[in-house]
Amino acid sequence: MSDGEFIRPFPALTPAQRYHLEVYGYVVIENAIEQDLTNRLLEAMLRLKRDLLSTPDPAKARVRNCRLSAYRPHYLHFAHILEADPAICEYLTHPRLVGMAEELVGGSVRLEESEAVVNERDPDAAPRYGFHTGTAPDVGTYVENGLYHCTFVKTLTNLTELGPDDGGTVVIAGSHKVKCDRETIIAAAYQDLALIHQVVAPAGSTLLFGEALIHATGQIRSDRQRVIVIGGYTPPMFQAWNGQEPSAEFIAQTPEPLKPLIAGSDKWHWQQRHRRLDMPVAS
Ligand SMILES: O=C(O)CCC(=O)C(=O)O
């Protein structure tokens with residue numbers, strides 16, 4: 001990679017996957033990453049968890065430039081995992097996943113954030129979800145070639161298998177296009193739980209969605225720990241999430257072809273590209 005090109009598939013989704021994304025606001029790509037990468041990512045996240053929790057004050061600690069943005073008994077949220085392990089950087093720059101993010105953004109992207117969640121069943125959890133969004137229809141979405149696009153996109157990959165009781169991410173299907181008050185949409189979805197879709201997928205699968213879609217962490221009813229890693233992507237002229245700019249040292253040792261993705265260095269030189277629905281997936 002050091003002097004090669006960074007080649008991503010375009011389009012990265014089949015017409016059926018793109019249509020699913022259009023209608024529901026998300027698509028799950030089963031086994032999107034290689035088994036070996038899934039295993040290395042899981043090891044890396046468990047090592048990072050152990051290292052952060054063994055510091056004197058985990059809520060304030062920083063290990064390999066990563067910190068815990070939520071530190072609760074059954075729920076750990078990690079911010080800026082990018083620099084913590086080579087497997088994590090490999091994941092965040094995975095050509096297939098970056099290609100998927102670019103397809104939904106509608107052009108080249110930069111890494112906006114890198115996060116992870118390690119959680120387990122919370123016996124005291126209220127039977128409600130923490131629904132939220134990162135942007136909204138109109139503000140962060142647009143249509144090109146008849147297809148929905150979003151300027152703030154996430155890839156969430158589960159490193160542990162997710163059965164129906166394992167707390168996969170939940171989304172309110174179709175909410176990425178609905179221009180009503182968010183709380184009103186959430187209240188409507190609770191009236192018919194079939195409107196709330198949950199990720200059930202083998203380890204190594206990726207949930208792709210735009211942040212206008214209302215979503216939340218699911219509820220774990222099993223005894224299994226859930227581990228997910230998250231990449232956030234935006235056009236290159238956007239900023240990284242607060243406190244998630246990569247360090248100068250990390251950028252300096254990043255292979256040249258990956259620098260625009262990692263550092264957002266293309267800024268206003270955004271390469272726009274929009275698929276048509278009938279285009280076959282690139283191999
Ligand atoms: O924990 C999850 O499944 C969802 C994470 C999430 O809400 C987010 O990345 O914005």
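For the single chain, residues carry numbers from 1 onward in sequence order. We count ligands from 1, going down the list as the structure has it; atoms in each ligand are counted the same way.
- Between the side chain of Ser205 and the backbone N or O of Ala201 there is no donor-acceptor pair closer than 3.5 Å.
- In terms of polar-atom proximity, Lys154 is counted as a contact of ligand 1, with an N or O under 3.5 Å from an N or O of the ligand.
- Annotation: atom 3 (O) of ligand 1 to nearest protein heavy atom, Thr169 OG1, 2.5 Å.
- In this structure, Trp241 and Gln239 have side chains that are not in contact, with every pair of non-hydrogen atoms separated by 4.5 Å or more.
- At a heavy-atom distance under 4.0 Å, only side-chain atoms of Ile228, from C-beta outward, approach ligand 1.
- Judged purely by distance below 3.5 Å, without hydrogens or angles, the side chains of Glu211 and His176 never pair a donor atom with an acceptor atom.
- Within the 4.5 Å cutoff, no side-chain heavy atoms of Thr151 are placed close to those of Val139.
- Every pair passing salt bridge (charged side-chain N to carboxylate O under 4.0 Å, His left out) that includes a residue from residues 11-26 is listed here, sequence neighbours excluded: Arg18-Glu22, Arg18-Glu103, Glu22-Lys177.
- By the criterion of a heavy-atom distance under 4.0 Å, neither the backbone nor the side chain of Glu115 is placed next to ligand 1.
- Within ligand 1, counting atoms from 1 as listed, the ones closer than 4.0 Å to a heavy atom of Ile230 are 9 (O).
- Among all non-hydrogen protein atoms, the one lying nearest atom 10 (O) of ligand 1 is His215 NE2, 3.0 Å.
- Taking a cutoff of 4.0 Å between a charged side-chain nitrogen and a carboxylate oxygen, Arg224 and Glu120 do not qualify as a salt bridge.
- At distances below 3.5 Å, not a single donor-acceptor pair connects side-chain atoms of Asn145 with backbone N or O atoms of Leu147.
- Nearest protein heavy-atom neighbour of atom 4 (C) of ligand 1: Thr217 OG1, 3.7 Å.
- Under a 4.0 angstrom heavy-atom cut-off, His132 registers as being in contact with ligand 1.
- The proximity of Arg226 to ligand 1, defined as any non-hydrogen pair under 4.0 Å, is limited to the side chain.
- Within ligand 1, counting atoms from 1 as listed, the ones closer than 4.0 Å to a heavy atom of Glu211 are 10 (O).
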